[in-house]
Amino acid sequence: MLQLHFREMGQGAPLVILHGLFGTLDNWQTLARRWAEAGHRVIVVDLRNHGRSPHAPEHTYALMSQDVLGLFNQLQLGPDTTLMGHSMGGKVAMRFALDYPQQLGKLVVVDIAPRFSDMRHQDEIVAGLNAVPLAALENRQQADEALAQYIRQVDVRQFLLKNLYRRDDNSFAWRPNLAVLTAEMEDIGAEISAEQPFLKPTLFIRGGKSDYVTTEDKLYGIPTLFPNSQVETVVDAGHWVHAEKPEEVFGLVKAFIEQ
């Protein structure tokens, strides 16, 4: 169980937010601030091997669920808490809800289903990150140029480059534990399963242009584990629903946690 880095804002019923693969708590800062201003105690978290949280040699959902339990205990979060996660963070949130249902009041999962996720679509990103010559870098532009050999989309490169920082000696480094995440990629795609379903209110938000939550997931996979769930589709949004359509995500989550 690792002690996770987090940031807290606002007062009221708690909302804990978990980012996705290669993300950090900063990805949710703008929306977190809005939910805090709307009357909630919002806690944004860096998961293990990401952001400013500790690195570790293993990266499984069981262990990440335990990390989150440690955070809940540290902050004395009670059963009025809503836990929300996007993508990999959504799988952590599902695992936590199934492992420790008494700790939560509600669950929100953003654009991920409990089934196994084929992670081969991450191959170019992993290859690009590993190809950046950190020791020889003089500026961020050179890192972007190295990434561009593997990743054409400018917005994806910008998202990834938020993980690049300068050490005290002025050399560049990645915040994610790239070696472990590369080695554990199959575990990151792992299915979430349980003998007992999570019976409390659950909201799944999916992007209309994304294939991470399919019609089959909506009809069978999700209701099996989360029978008290609803699936809302944000039209014209891809996998990064919250970045592409923040207004819609803000409204959906606010209405759900306040009902």
Side-chain angles (χ1 to χ4, degrees), residues 13-40 42-45 47 61 64 68 81-98 101 104-117 121 155-156 159 188-189 191-192 197-259:
L15 170 64
V16 178
I17 305 175
L18 310 177
H19 62 79
L21 180 64
F22 299 126
T24 72
L25 60 78
D26 290 336
N27 304 145
W28 284 89
Q29 278 291 102
T30 304
L31 277 169
R33 199 172 295 114
R34 289 190 64 190
W35 285 312
E37 289 167 356
H40 297 279
V42 185
I43 298 130
V44 279
V45 183
L47 292 165
Y61 288 113
M64 287 189 277
V68 175
T81 304
T82 298
L83 179 62
M84 176 167 72
H86 170 245
S87 198
M88 179 190 75
K91 284 197 165 180
V92 177
M94 285 188 271
R95 179 74 275 152
F96 182 89
L98 293 161
L104 282 186
K106 294 180 178 179
L107 174 68
V108 180
V109 179
V110 183
D111 211 56
I112 197 73
R115 64 176 160 80
F116 171 78
S117 309
H121 63 280
D155 57 339
V156 176
F159 164 77
I188 294 168
E191 178 185 2
I192 302 298
F198 178 71
L199 300 175
K200 295 176 182 177
T202 302
L203 171 65
F204 281 79
I205 300 173
R206 68 171 180 172
K209 293 179 176 177
S210 171
D211 58 3
Y212 279 77
V213 180
T214 65
T215 302
E216 192 168 330
D217 294 324
K218 185 177 176 180
L219 293 174
Y220 305 108
I222 289 171
T224 300
L225 288 174
F226 305 97
N228 188 8
S229 64
Q230 61 195 86
V231 179
E232 297 288 346
T233 302
V234 178
V235 181
D236 291 333
H239 183 52
W240 282 305
V241 195
H242 53 295
E244 295 173 37
K245 297 285 183 178
E247 202 60 45
E248 287 84 342
V249 172
F250 171 77
L252 283 170
V253 172
K254 183 175 183 292
F256 175 71
I257 60 182
E258 292 177 359
Q259 71 189 17

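None of these values were measured; they are calculated from a predicted model. Positions are given from 1, in the same order as the sequence printed here.
Listed by chain and residue number, nothing satisfies the ring-ring contact (aromatic ring centres under 6.0 Å, His included) test with Phe198 (two or more places apart in sequence, or in another chain). Listed by chain and number, the residues in a salt bridge (charged side-chain N to carboxylate O under 4.0 Å, His left out) with Asp26 are Arg7 (sequence neighbours excluded). Partners of Ala36 by side-chain contact (heavy atoms from CB on, under 4.5 Å), not counting sequence neighbours, listed by chain and number: Met9, Val42. For the side-chain hydrogen bond (donor to acceptor under 3.5 Å, both in side chains) test, no residue two or more places apart in sequence or in another chain qualifies with Gln259. In this structure, Arg206 has no salt bridge (charged side-chain N to carboxylate O under 4.0 Å, His left out) partners at least two apart in sequence or on a different chain. Under the ring-ring contact (aromatic ring centres under 6.0 Å, His included) criterion, His40 pairs with no residue at all, not counting sequence neighbours. Residues passing the salt bridge (charged side-chain N to carboxylate O under 4.0 Å, His left out) test with Glu258 are Lys254, sequence neighbours excluded. Every side-chain hydrogen bond (donor to acceptor under 3.5 Å, both in side chains) that Ser210 has, sequence neighbours left out, goes to Asp111. Phe22 pairs by the ring-ring contact (aromatic ring centres under 6.0 Å, His included) definition with nothing, not counting sequence neighbours.
Rounding to the nearest 0.5 Å places CE of Met88 at 5.5 Å from NE2 of His19. Atom-to-atom distance recorded for His239:NE2 and Ile112:CD1 is 5.5 Å, nearest 0.5 angstrom. To the nearest 0.5 Å, atoms NE2 (His242) and CG (Asn27) are separated by 5.5 Å. To the nearest 0.5 Å, the span separating OG1 on Thr81 from NZ on Lys106 amounts to 12.0 Å. To the nearest 0.5 Å, atoms CE (Met84) and CG (Leu18) are separated by 9.0 Å.
Here the side chain of Thr233 pairs no donor or acceptor atom with the backbone of Val231 at under 3.5 angstrom. Between the side chain of Glu244 and the backbone N or O of Ala237, no donor-acceptor pair lies under 3.5 Å. Counting only distance, with no hydrogens or angles, the side chain of Lys245 and the backbone of Val234 share no donor-acceptor pair below 3.5 Å.
Applying the salt bridge (Lys or Arg N to Asp or Glu O under 4.0 Å) test to every pair with at least one member in residues 224-237, sequence neighbours left out, gives no pairs at all.
You'll find the side chain of Val249 reaches within 4.5 Å of the side chain of Leu31, heavy atoms only.
Counting non-hydrogen atoms of other residues, nucleotides and ligands closer than 6.0 Å to CD of Glu216 gives a total of 12 or fewer.
Between Phe159 and Trp240, the angle of the ring planes lies from 30° to 60°, which puts this pair in the tilted group. Taking the six-membered ring where tryptophan is involved, the planes of Trp28 and Trp35 are essentially parallel, since the angle between them stays under 30° and well short of 60°.
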Could you pull out every donor-acceptor pair under 3.5 Å between side chains of residues 90-97 and any protein atom, sequence neighbours left out?
unit_1 : atom_1 : unit_2 : atom_2 : d
Lys91  : NZ     : Arg115 : O      : 2.8
Lys91  : NZ     : Ser117 : OG     : 3.0
Lys91  : NZ     : Gly189 : O      : 3.1
Lys91  : NZ     : Ala190 : O      : 2.7
Arg95  : NE     : Asp99  : OD1    : 3.1
Arg95  : NE     : Asp99  : OD2    : 3.2
Arg95  : NH1    : Ser193 : O      : 2.9
Arg95  : NH2    : Asp99  : OD1    : 3.1
Arg95  : NH2    : Ser193 : O      : 3.1

Name every donor-acceptor pair, under 3.5 Å, that has one atom in a side chain of residues 218-228 and the other anywhere in the protein, sequence neighbours excluded.
unit_1 : atom_1 : unit_2 : atom_2 : d
Thr224 : OG1    : Tyr220 : O      : 2.7
Asn228 : ND2    : Leu199 : O      : 3.2

